[in-house]
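Notes follow once the structure below has been shown.
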Amino acid sequence: MNALSSSTELALFGGEPVRTTLLPYGHQSLTEDDIQAVLDVLRSDWITTGPKIDEFEEAFASYVGAKHAVSFSSGTAALHGAVVAAGVDQGHEVITTPLTFCATANVVLYQQAIPRFADVTPDTLTLDPSEVNRHLSSRTKAIIPVDYAGHPADLEEFLSLAERQGAVVIEDAAHALGACYRGRSVGSVSHMTVFSFHPVKHLTTGEGGMVTTDIDAYARQLRSFRNHGIDLDGRARQRTGQWYYEMTSLGYNYRLTDMACALGLSQLSLLTRNVQRRREIAQCYKDKLGSATGLCLPFSRSDSESSWHLYPVRIDQKYANGKRDEIFRALRAEGIGVNVHYIPVYLHPYYRTRFGERAGLCPIAEKVYTELISLPMFHGMTDQDVNDVVEAVDKVLSHFVAGAC
Ligand SMILES: *Cc1c(COP(=O)(O)O)cnc(C)c1O
């Protein structure tokens, strides 16, 4: 740490904080072009279900190298659509990871199906194929791996496991837009891949989501499902001068607006640069925190390239057993908006009440959960922001980790 920097007394104990304004763990970046794109739509004839939807979907599909992209009003709605398109229904089982945002498993419950939580691998903290294999049965209808923090899960292993059972792989890539897996873009590998456009993600439309797929039948079902189960949208009817339409299944109103799609389209033009910036920040953290005692940095496999939605570090139990919460509070006091991703889903009160107490179900996920702290990671971070994080981490670790300098 720089000798001229703020005092070494922790802000938690009344010292001077590294920052006086809180640096959030994630934040959107909007350009004047983004804002103009939304204004243009507001002045046009269609503010929803108009031409911007097709433009955004086509550009997005081509970006990830998929045949189809179907937009939704949120990533959660997109996950729900994918689960329905996969045929998940009452009594079916869906295998997923506990180390995710609860929406991943909630959509299974929307369909009266049963989420089966399988443990994660200790390196990437993504779903472990051998654990999935243990849970596979004739009732398994889908596997939902999550590309945790932006690092692709073992997609090919899940595809071959799914094939054996006639199940569908729905990849929750809410963290991984722009990531690569064995030379392919995330979004072009699984049967269906789901993205979120929440403001903390790589690309934002306010709220929004997308499913990409190469399979025509899934794309058709997804389009119908987001529009009440009606096969033809209003714009297509207007074009062909028809009033007649048929509702052929039970769907929802999960449509994304033209305002949102214009924003998404504009944001897409900067995506490659923004993912690159996230990789730079990750590299900087690695260079500057790689040798910090008591800290384990996120692991990357050589066959994949993460797009870094999160930067989750782990507090090494050997040095700071049980001190994650104190370190977390100390970092917050220093002005660093750290977070924890995630509480294992089945430990939430709703899941505990509905399925019974299951502590111990996924030992690796539960242990890792007590060690995790997500450092700020978003493409709008300045070099100074990154340095502040490094300084605060060094400062805090030196107080809590035995043997650290
Ligand atoms: C953000 C997120 C979602 C949900 O997306 P929303 O757009 O907020 O509905 C689902 N799964 C994961 C892993 C996420 O991070």
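What you see is a predicted model; the values in this text were computed from it and never measured. Every number for a ligand or one of its atoms is a count from 1 in the order of the listing.
- Side-chain atoms of Glu58 and Tyr63 form no donor-acceptor pair, as typed in the model, at a separation below 3.5 Å.
- Contact atoms of ligand 1 toward Tyr342: 15 (O) (distance under 4.0 Å to a heavy atom of the residue).
- Side-chain contact check for Gln267 versus His202: every heavy-atom pair is 4.5 Å or farther apart.
- Shown in contact with Ser74 at under 4.0 Å from a heavy atom are these atoms of ligand 1, numbered in order with element: 7 (O), 9 (O).
- Closest to atom 4 (C) of ligand 1, if we only count protein heavy atoms, is Thr76 OG1, 3.6 Å.
- Each of the following atoms of ligand 1 lies closer than 4.0 Å to a heavy atom of Thr104: 11 (N).
- Each of the following atoms of ligand 1 lies closer than 4.0 Å to a heavy atom of Gly75: 5 (O), 6 (P), 7 (O), 9 (O).
- Distances below 4.0 Å separate heavy atoms of Thr100 from the following atoms of ligand 1: 13 (C).
- Scanning the protein for heavy atoms near atom 10 (C) of ligand 1, the closest one is Asp172 OD2, 3.7 Å.
- Distances from atom 2 (C) of ligand 1 to the heavy atoms of Lys201, His341, Met210, His198 put Lys201 nearest.
- The closest heavy-atom contact to atom 15 (O) of ligand 1, among the options His80, His309, His175, comes from His175.
- No donor-acceptor contact under 3.5 angstrom links the side chains of Gln276 and His379, judged on distance only.
- The atoms of ligand 1 that sit less than 4.0 Å from any heavy atom of Gly208 are 7 (O).
- In this structure, the protein non-hydrogen atom closest to atom 5 (O) of ligand 1 is Ser196 OG, 3.3 Å.
- Note on ligand 1: Phe72 sits outside its first shell, no heavy atom being nearer than 4.0 Å.
- With a 6.0 Å cutoff to the six-membered ring centre and a 45° limit on the axis angle, Arg277 does not count as a cation-pi contact of Phe378.
- Using modelled atom types, one finds no donor on one side chain facing an acceptor on the other under 3.5 Å when comparing Asn133 with Ser130.
- Two residues are said to be in side-chain contact when any heavy atoms from C-beta on lie closer than 4.5 Å; Glu156 and Tyr181 meet this criterion.
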**Asked** Given His175 and Tyr148, is the side-chain hydrogen bond (donor to acceptor under 3.5 Å, both in side chains) satisfied, shown in steps?
**Response** CA-CA 6 Å; His175 294 185; Tyr148 179 77; over 6 Å; no
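- Taking the centre of each ring, His341 and Phe101 stay at or above the 6.0 Å mark.
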